[in-house]
Chemist: 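Here it is: the structure, laid out below.
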Amino acid sequence: AAVQNSLMVTYTRCGELEIARHLFDEMSCERNVISWGSMIAGYAHNQRASEAFELFREMQKRRLKMNWVIVTTLLPACSYLAAIKQGKEIHSQIVKADLVPDVMVWNALIDMYAKCGNVDNARQVFDRMSKRDVVSWNAVIGGYGTNGYGEVALGLFKEMQQEGIVPDHITLIHVLSACSHAGLVEEGWQIFNSLSETFDVRPRVEHYACMVDLLGRAGHLDEAEQFIHNMPKEIEAS
RNA sequence: CCACCAGUUCAUA
């Protein structure tokens, strides 16, 4: 079954969903939970979220057990459809099912709520977690940032460090982006300038892009231009 | 010693 599943995944990665689906349909006894998960992920990753849900419903109709992997592929599909109702539905199923690697499941939930614009629910999930990893923090910070609560995002960023969680390069993308959405130019500069020294993060294109975005949105166009001009060329190349 | 059957956060557009 493993080889069949791999083949399916290969097709989904090429966008050949019909072929993948055909393989899926032709599987009989070797079709396992991974086959289901792969097909669902195939739809989800190819902007066909509603078909992902269709297949998921089919799975439940057959009383097959879902697992945490499936949940973490379905939740981003909810955000894609801005379907907070579906998300809440899955949330309640998660609570019932008591899925194993909870951290990842909660992280996905945080992100789903945040992307659907419901930062309060996102925060609630975050607050109730017994263990949080860097992704949990990244997800809430990002959630506040994209919803315009830059100061809250920065506050959490600080708090995270106080808790001894080491920010990674993704954290800093979230933080800079939060500054950008909230017009926090000064803060953004400060953070950007301390990327390598205090955060041990090698600045990447994304960080530079955040800064350009930040300056541009704030109307500091000349400064943005200057910034781009002074960019290292290895960044420019990427 | 280890190589992968699906999996959460990652700017702009």
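Sequence lines set the chain letters: A, B, ... in the order given, protein chains first and strands last, and positions in each chain run from 1. These numbers were taken from a predicted model, which means no experiment stands behind them.
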Chemist: I need the residues from residues 126-140 of chain A with at least one non-hydrogen atom less than 4.0 Å from RNA chain B; give them sorted by number, or say none.
Modeler: A:V135, A:N138, A:A139

Chemist: B:A6, B:U12, B:U9: which one has an atom nearest the side-chain heavy atoms of A:I170?
Modeler: B:U9

Chemist: Of all residues at least two apart in sequence or in a different chain, which pass the side-chain hydrogen bond (donor to acceptor under 3.5 Å, both in side chains) check with A:N230?
Modeler: none

Chemist: Using a 3.5 Å cut-off and no angle test, enumerate the donor-acceptor pairs between side-chain atoms of residues 92-104 of chain A and protein atoms at least two apart in sequence or in another chain.
Modeler:
unit_1 : atom_1 : unit_2 : atom_2 : d
A:S92  : OG     : A:E89  : O      : 2.8
A:Q93  : OE1    : A:Q60  : NE2    : 2.7
A:Q93  : NE2    : A:E89  : OE2    : 3.2

Chemist: Is any side-chain nitrogen or oxygen of A:R217 closer than 4.0 Å to OP1 or OP2 of B:U12?
Modeler: yes

Chemist: Round to a whole Å and report the spacing from CZ of A:F56 to C1' of B:A6.
Modeler: 14 Å

Chemist: Looking only at side-chain atoms of A:D213, point me to the closest of B:U9, B:C5, B:U12.
Modeler: B:U12

Chemist: What nucleic acid atoms does A:D168 come within less than 4.0 Å of, heavy atoms only: base, sugar-phosphate, or nothing?
Modeler: nothing

Chemist: Ignoring hydrogens and geometry, is there a side-chain-to-backbone donor-acceptor pair from A:R21 to A:M39 under 3.5 Å?
Modeler: no

Chemist: Among A:D120, A:V119, A:D127, whose side chain to side chain contact (heavy atoms under 4.5 Å, CB included) with A:R123 holds?
Modeler: A:D127

Chemist: Please, which pairs that meet ring-ring contact (aromatic ring centres under 6.0 Å, His included) have at least one residue in residues 194-213 of chain A, sequence neighbours excluded?
Modeler: A:F157-A:F199, A:F192-A:Y208, A:Y208-A:F227

Chemist: ring-ring contact (aromatic ring centres under 6.0 Å, His included): which pairs involve residues 92-119 of chain A, sequence neighbours left out?
Modeler: A:H91-A:Y113

Chemist: Got a sec? Which of residues 76-109 of chain A come in under 4.0 Å of RNA chain B, heavy atoms?
Modeler: A:M104, A:N107, A:A108

Chemist: Sequence neighbours excluded, which residues qualify as ring-ring contact (aromatic ring centres under 6.0 Å, His included) partners of A:Y43?
Modeler: none

Chemist: Is it the case that the side chain of A:R132 and the backbone of A:F126 share a donor-acceptor pair, with hydrogens and angles ignored and the cut-off at 3.5 Å?
Modeler: yes

Chemist: Mind calculating the distance between OH (A:Y113) and C1' (B:U9) to the nearest angstrom?
Modeler: 17 Å

Chemist: Using a cut-off of strictly less than 4.0 Å between a heavy atom of the residue and any atom of RNA chain B, enumerate the qualifying residues of residues 219-238 of chain A by number.
Modeler: none

Chemist: Scan for ring-ring contact (aromatic ring centres under 6.0 Å, His included) pairs involving residues 45-66 of chain A, sequence neighbours excluded, and state none if there are none.
Modeler: none

Chemist: When the distance from CG of A:L214 to C1' of B:A13 is rounded to whole Å, what number comes out?
Modeler: 17 Å

Chemist: For a quick test of reading the model, state the closest non-hydrogen atom pair linking A:G15 to A:N46 and the distance between them.
Modeler: CA-OD1, 3.8 Å

Chemist: For A:H207 and B:U12, is the shortest distance between a side-chain N/O and OP1 or OP2 below 4.0 Å?
Modeler: no

Chemist: Show every salt bridge (Lys or Arg N to Asp or Glu O under 4.0 Å) that has at least one partner inside residues 27-53 of chain A, sequence neighbours left out.
Modeler: A:E18-A:R48, A:R48-A:E51

Chemist: Look at A:K115 and B:C10 and indicate whether a side-chain polar atom (N or O) is within less than 4.0 Å of OP1 or OP2.
Modeler: yes

Chemist: Choosing from B:A11, B:A6, B:U9, which nucleotide comes nearest the side chain of A:D111?
Modeler: B:U9

Chemist: So if I take residues 22-42 of chain A and measure heavy-atom distances to RNA chain B, which residues fall below 4.0 Å?
Modeler: A:V33, A:I34, A:G37, A:S38, A:A41

Chemist: Using a strict threshold of under 4.0 Å (side-chain N to carboxylate O), is an ion pair present between A:R57 and A:E54?
Modeler: no

Chemist: Honestly curious: do A:W189 and A:L214 fall in one hydrophobic cluster under the side-chain, below-4.5 Å linking rule?
Modeler: yes

Chemist: Could I get the full list of salt bridge (charged side-chain N to carboxylate O under 4.0 Å, His left out) partners for A:D213, not counting sequence neighbours?
Modeler: A:R217

